[in-house]
Amino acid sequence: MKEYIIRLVYVEMLGHDASFGYIHAVKMIHDDSLLVKRTGYLAVTLFLNEDHDLIILIVNTIQKDLKSDNYLVVCAALNAVCKLINEETIPAVLPQIVELLAHPKEAVRKKAIMALHRFYQKSPSSVSHLVSNFRKRLCDNDPGVMGATLCPLFDLITNDVNSYKDLVISFVSILKQVAERRLPKAYDYHQMPAPFIQIKLLKILALLGSSDKQASENMYTVVGDIFRKCDSSSNIGNAVLYECICCVSSIYPNHKLLVSAADAISRFLKSDSHNLKYMGIDALGRLIKISPEIAEQHQLAVIDCLEDPDDTLKRKTFELLYKMTKSTNVEVIVDRMIDYMNSINDNHYKTEIASRCVELAEQFAPSNQWFIQTMNKVFEHAGDLVNIKVAHNLMRLIAEGFGEDDDTADSQLRSSAVESYLHILGEPKLPSVFLQVICWVLGEYGTADGKYSASYITGKLCDVAEAYSNDETVKAYAVTALMKIYAFEIAAGRKVDMLPECHSLMEEFLASHSTDLQQRAYELQAVIGLDAHAVESILPSDASCEDIEVDKALSFLNDYIQESIEKGAQPYIPESERTGMLNISNFRNQDHHEASSHGLRFEAYELPKQTVQARIPPASLASTELVPVPEAMYPRESYQTTTVPSVSSDAASTELKLRLDGVQKRWGRQTHFPSTSTSNSTSLKTVNGIMQVDGSNTANSRTRETYDSRKQVEISPEKQKLAASLFGGPSKTEKKSATGHKSSKPSSHMVKSHAPKSSMEVASEKTSVQQPPDLLDFGEPTVRSTAPSLDPFKDLEGLLEPTTQVSSAVNHSSTAAVTKSPDIMGLYTETTAGAHHKDSDILSGLSKPPMTNMVGGTTTMQVAQSSKGPNLKDSLEKDALVRQIGVTPSSQNPNLFKDILG
């Protein structure tokens with residue numbers, strides 16, 4: 001069986017389903033043999049997940065194995081705990097794992113720490129009282145246990161730095177001992193002393209020393225020692241160096257450490273390895289936040305990376321340039337980004353570069369003309385990949401201006417935008433987002449400076465609407481722009497002459513299937529017929545940035561409502577107070593509560609509360625409809641209960657509700673939403689000897705001088721010119737404030753007129769499709785009132801009309817009530833589905849469902865002999881059909897149902 005299970009692991013690894021063998025792997029973990037048990041644990045951790053149905057079968061075995069005297073069995077159980085124990089079963093094994101923290105074997109203590117860390121990742125509240133154990137294990141005698149403790153402490157410090165400031169001295173002391181090679185040789189990796197422990201400690205120190213001068217001063221000495229002792233001839237040494245640079249860029253700045261970090265970055269950038277160059281560019285991007293002049297020392301290396309054929313390295317270099325941008329080099333950097341955006345096919349990265357270009361243009365634009373041209377290039381090349389927010393920001397910037405109360409500069413910006421957009425409209429294909437911006441700008445400012453006439457602008461807008469007839473949004477923007485232009489002309493007292501193409505376009509939109517376009521066309525038609533004063537009130541000139549006050553309470557309708565109520569109208573009832581309506585917020589809260597509260601409970605059940613049974617006479621029980629109890633999964637409906645009047649005086653009309661509080665759900669919709677969490681596992685692959693450095697320091701310096709001299713010889717005038725444009729400006733960053741292009745107005749509205757939704761749209765939004773409830777859902781506290789079902793055989797009355805006598809009586813103590821019999825044919829169809837698969841439907845079509853006669857709790861079935869009459873044609877058709885199927889109909893064999901149903 002062990003060999004079979006190992007082969008099943010291989011089968012699963014190849015992607016095939018081996019679920020038929022899972023139960024055998026579960027059985028193997030119960031075996032007394034250590035080899036078989038460990039093989040079973042290995043298999044179940046690979047086969048199952050924490051929410052698998054078979055997990056419940058191994059929890060008890062894990063609890064037993066955690067108490068084993070054999071530490072190998074305990075280690076195997078701890079491995080399974082890290083993989084298979086979910087949030088609900090953590091309390092079942094947590095006490096035993098806490099006891100294992102004091103186990104004499106270091107391997108057990110290490111795996112216990114890992115299990116607690118896993119519990120913290122799945123449910124932080126379950127181990128919040130055990131945080132002190134991590135602090136204690138930090139002082140463990142075994143370096144492996146101490147190293148394992150660093151991982152949960154890193155997560156804890158990430159969430160709450162201030163609570164662990166007192167551990168700075170301890171972490172520095174541990175890092176110093178590791179750097180001085182005081183750990184056993186077994187922890188060395190490529191002659192580096194415990195490099196992974198060093199990396200984790202440097203990450204923790206970077207968190208603790210951020211914006212804390214006192215804590216950072218304790219770290220300077222040990223970080224400087226690591227810079228000096230680190231071997232850069234191996235990948236793992238370079239990894240420790242890179243982590244040191246990240247730590248230096250996070251803690252309080254120190255000049256000596258910054259110089260050491262710059263030297264390490266220089267070695268990375270001068271390497272022939274693309275991986276090391278990538279690390280150098282990333283590290284340089286971290287350091288320029290603290291010391292921007294460091295980038296100028298490596299400008300030629302940055303240019304080489306920008307022209308490198310490695311696409312990943314090129315992207316990282318663009319990220320560096322994005323961080324280095326200032327007013328003196330913004331034009332070169334943005335042009336380079338746009339050129340690179342044209343050369344790639346990755347739409348996701350195109351979107352990212354477009355947003356960065358827009359952001360840099362907004363912050364560091366040297367002139368209005370350059371800003372408009374840059375935005376046009378971004379929209380033309382990126383197309384519809386540009387985020388719609390970018391278009392809205394562009395319209396807002398054009399509307400608000402530079403925010404410096406310079407009306408001349410703002411008008412020049414808008415005029416240059418109108419000119420450039422009129423020129424761009426001649427191109428054959430433009431993105432939809434860009435066309436929306438063009439239509440909005442032409443509608444707002446097309447005739448503002450008087451350079452272009454209204455007829456010219458309206459003709460261009462009509463051409464746009466006709467050229468892009470398949471885009472409803474562009475046509476809507478064009479119609480609104482036409483309405484603004486005509487409104488401005490009417491408000492200025494000028495005569496409006498509508499072009500023939502505008503007339504035909506408006507007639508087309510008036511009959512459009514789109515309600516939005518149709519409403520905009522009707523609004524345009526109405527605006528043209530108004531006088532100047534009314535139009536100026538509706539669409540004031542250059543008011544797109546003005547605040548709009550919205551009366552959400554609709555107080556202007558108070559007089560109308562009061563007048564209607566006095567005339568006899570019914571007052572409005574809020575939706576939450578209407579009978580039978582369900583508040584959607586309560587619905588969501590209850591649904592979330594049910595999903596979150598479903599799980600294993602380890603406390604005792606509460607005692608059932610005493611309930612007073614309603615005294616209802618038997619007569620009312622027979623005919624009272626069950627009232628549905630409100631449920632959380634479906635919208636509630638309330639029904640009026642109808643009771644039969646009783647002679648007894650204490651019988652009141654009461655609601656009957658099924659009490660299903662503690663009933664376990666067997667069928668129906670699943671309401672358990674387990675919280676799944678994927679284990680985050682990281683792996684680090686290192687390859688030795690990427691950059692082989694041997695010899696003394698003299699040899700290293702000679703090599704560096706040779707490289708520098710070779711670089712100076714190979715520098716071309718074009719590279720020197722590009723470097724001067726990128727780095728030659730003043731080193732001090734000259735960033736404008738974020739509001740350099742933005743006004744201090746609290747809010748702005750791009751489009752003045754928005755078409756309100758029609759009543760049909762509102763009605764369609766309010767209508768929600770309700771799924772029918774599951775009739776077998778006994779877990780939900782709902783009882784549906786039984787309604788008389790329709791007879792499915794009435795359509796066959798022309799073929800067969802058997803008469804069935806139905807008599808049913810229910811005998812209680814003193815009252816009898818007539819109830820409708822259940823559908824026996826449905827039961828017959830289900831019962832005979834396997835044996836009579838082909839002819840069950842035809843039998844059900846030829847026979848009326850027999851009714852039951854319930855007397856004194858016993859059931860008898862009577863099938864009356866049906867007589868059709870003298871209709872010879874129907875009788876012949878029926879006999880032919882019966883002979884064709886070869887089955888005796890129920891009218892000729894009245895005991896057929898009794899034989900089948902028993």
Side-chain angles (χ1 to χ4, degrees), residues 365 367-373 375-376 394-427 430 434-466 477-503 505-506 520 523-525 527-546 741 743 745 748-753:
S367 63
N368 301 341
Q369 192 71 21
W370 180 87
F371 173 74
I372 296 298
Q373 290 178 355
M375 298 304 297
N376 294 347
L394 175 58
M395 290 187 285
R396 189 191 70 246
L397 288 173
I398 295 175
E400 294 179 351
F402 290 97
E404 299 174 355
D405 296 333
D406 188 357
D407 295 337
T408 305
D410 294 344
S411 61
Q412 290 178 356
L413 172 66
R414 295 159 185 166
S415 299
S416 61
V418 170
E419 289 182 6
S420 61
Y421 291 157
L422 288 174
H423 177 71
I424 290 173
L425 282 178
E427 297 185 6
L430 294 173
F434 194 25
L435 285 170
Q436 297 172 24
V437 176
I438 292 175
C439 291
W440 186 87
V441 172
L442 292 182
E444 285 284 344
Y445 308 108
T447 58
D449 56 356
K451 187 175 181 179
Y452 299 100
S453 63
S455 59
Y456 179 74
I457 300 296
T458 53
K460 288 289 186 180
L461 291 171
C462 291
D463 294 341
V464 170
E466 292 176 358
Y477 269 81
V479 173
T480 303
L482 288 173
M483 182 166 54
K484 291 178 182 178
I485 292 176
Y486 287 135
F488 297 157
E489 291 294 307
I490 294 173
R494 291 187 286 269
K495 184 180 179 181
V496 175
D497 293 329
M498 186 175 290
L499 299 177
E501 52 265 31
C502 291
H503 270 296
L505 186 67
M506 191 171 67
R520 290 174 189 262
E523 289 176 356
L524 172 59
Q525 192 178 43
V527 166
I528 294 176
L530 298 176
D531 58 353
H533 179 70
V535 170
E536 189 175 2
S537 300
I538 297 173
L539 291 173
S541 177
D542 193 18
S544 59
C545 298
E546 299 296 331
H741 284 253
S743 174
K745 299 178 183 179
S748 61
H749 303 271
M750 297 300 102
V751 183
K752 293 179 181 177
S753 63

Counting C-beta onward and ignoring hydrogens, is there a side-chain heavy-atom pair between [X] and [Y] closer than 4.5 Å?
X	Y	result
Glu466	Glu501	yes
Ile424	Phe434	yes
Glu489	Lys495	no
Met375	Phe371	yes
Tyr486	Val527	no

Nearest 0.5 angstrom please: [X] [atom1] to [Y] [atom2], how far?
X	Y	atom1	atom2	value
Phe488	Glu444	CZ	CD	5.0 Å
Gln525	Met506	CD	CE	5.0 Å
Leu413	Ile372	CG	CD1	5.0 Å
Leu505	Cys462	CG	SG	5.0 Å
Ile438	Leu430	CD1	CG	5.5 Å
Leu425	Lys460	CG	NZ	6.5 Å

Grab the two heavy atoms, one from [X] and one from [Y], that are nearest each other, plus how far apart they are.
X	Y	answer
Ala481	Cys439	CB-O, 3.4 Å
Ile528	Met498	CD1-CE, 2.8 Å
Lys484	Gly443	CB-O, 3.6 Å
Cys502	Leu482	SG-CD2, 4.3 Å

Ring-ring centroid check Tyr445 Tyr421, cutoff 6.0 Å: no
Lys451 bridged to Glu419 by N-O distance under 4.0 Å: yes
Could you go through Asp497 and Ser455, starting from their C-alpha distance and side-chain angles, then the distance that decides it, and tell me whether this counts as side chain to side chain contact (heavy atoms under 4.5 Å, CB included)? CA-CA 8 Å; Asp497 293 329; Ser455 59; over 6 Å; no
Determine whether a donor-acceptor pair (N or O, by modelled atom type, separation under 3.5 Å) exists between the side chain of Thr447 and the backbone of Gly450. no
For Thr480 and Tyr477, indicate whether the former's side chain and the latter's backbone hold a donor-acceptor pair under 3.5 Å.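 It does not hold such a pair.
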Let's go through Leu461 and Ile485 carefully: what are the C-alpha distance in whole Å and the side-chain angles of both, what is the deciding distance for side chain to side chain contact (heavy atoms under 4.5 Å, CB included) to 0.1 Å, and is it a yes or a no? CA-CA 10 Å; Leu461 291 171; Ile485 292 176; 3.7 Å; yes
Is there a side chain to side chain contact (heavy atoms under 4.5 Å, CB included) between Val535 and Asp531 once you walk through the steps? CA-CA 6 Å; Val535 170; Asp531 58 353; 5.7 Å; no
Derivation and outcome, side chain to side chain contact (heavy atoms under 4.5 Å, CB included), residues Thr408 and Gln412: CA-CA 6 Å; Thr408 305; Gln412 290 178 356; 3.7 Å; yes
